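Keep in mind that what you see is a predicted model, and the values were worked out from it rather than measured.
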Amino acid sequence: MKKVLKILFKVISIIFGVLFTIYMLNLDMKVVGFIYIWLNKFHDKKDSLRDIQF
């Protein structure tokens with residue numbers, strides 16, 4: 001039982017550490033910004049004469 005609690009504590013500590021690091025360094029918004037820039041470049045290469053369809 002004691003070994004299971006140690007493993008559980010380690011797993012929870014690692015998860016907390018990773019999430020805390022992502023939050024403090026604002027890594028989620030940096031990834032979103034990178035994806036946004038990449039998507040803009042991708043869509044700028046598309047044919048602009050094509051009609052927009054809804």
Side-chain angles (χ1 to χ4, degrees):
M1 183 69 176
K2 198 172 185 181
K3 188 175 184 178
V4 172
L5 289 176
K6 267 187 174 180
I7 293 172
L8 185 63
F9 180 74
K10 284 182 183 180
V11 169
I12 290 173
S13 297
I14 290 170
I15 291 172
F16 179 78
V18 168
L19 291 176
F20 185 75
T21 303
I22 290 171
Y23 174 74
M24 290 306 288
L25 297 178
N26 202 19
L27 296 177
D28 55 341
M29 292 309 295
K30 290 179 183 177
V31 170
V32 169
F34 174 75
I35 292 172
Y36 184 76
I37 291 170
W38 181 78
L39 284 175
N40 276 337
K41 288 179 184 177
F42 175 75
H43 286 288
D44 285 344
K45 291 179 184 178
K46 285 191 170 185
D47 186 19
S48 62
L49 299 177
R50 189 175 61 175
D51 289 338
I52 297 176
Q53 297 176 0
F54 294 101

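Note: Phe16 CZ to Tyr23 OH = 11.0 Å, rounded to the nearest 0.5 Å. Taking CZ of Phe42 as the reference point, atom CG of Asp44 lies at 11.0 Å (rounded to 0.5 Å).
Put simply, Trp38 and Val31 are part of the same group of oily side chains (I, L, V, M, F, W, Y) that touch within less than 4.5 Å, one to the next.
Cluster partners of Tyr36, using a side-chain heavy-atom cutoff of under 4.5 Å among ILVMFWY residues and allowing indirect links: none. Taking Ile, Leu, Val, Met, Phe, Trp and Tyr as members and joining any whose side-chain heavy atoms lie under 4.5 Å apart, directly or through other members, Leu5 forms no hydrophobic cluster with any other residue.
Considering only heavy atoms from C-beta on, Lys30 comes within 4.5 Å of Leu27 through its side chain.
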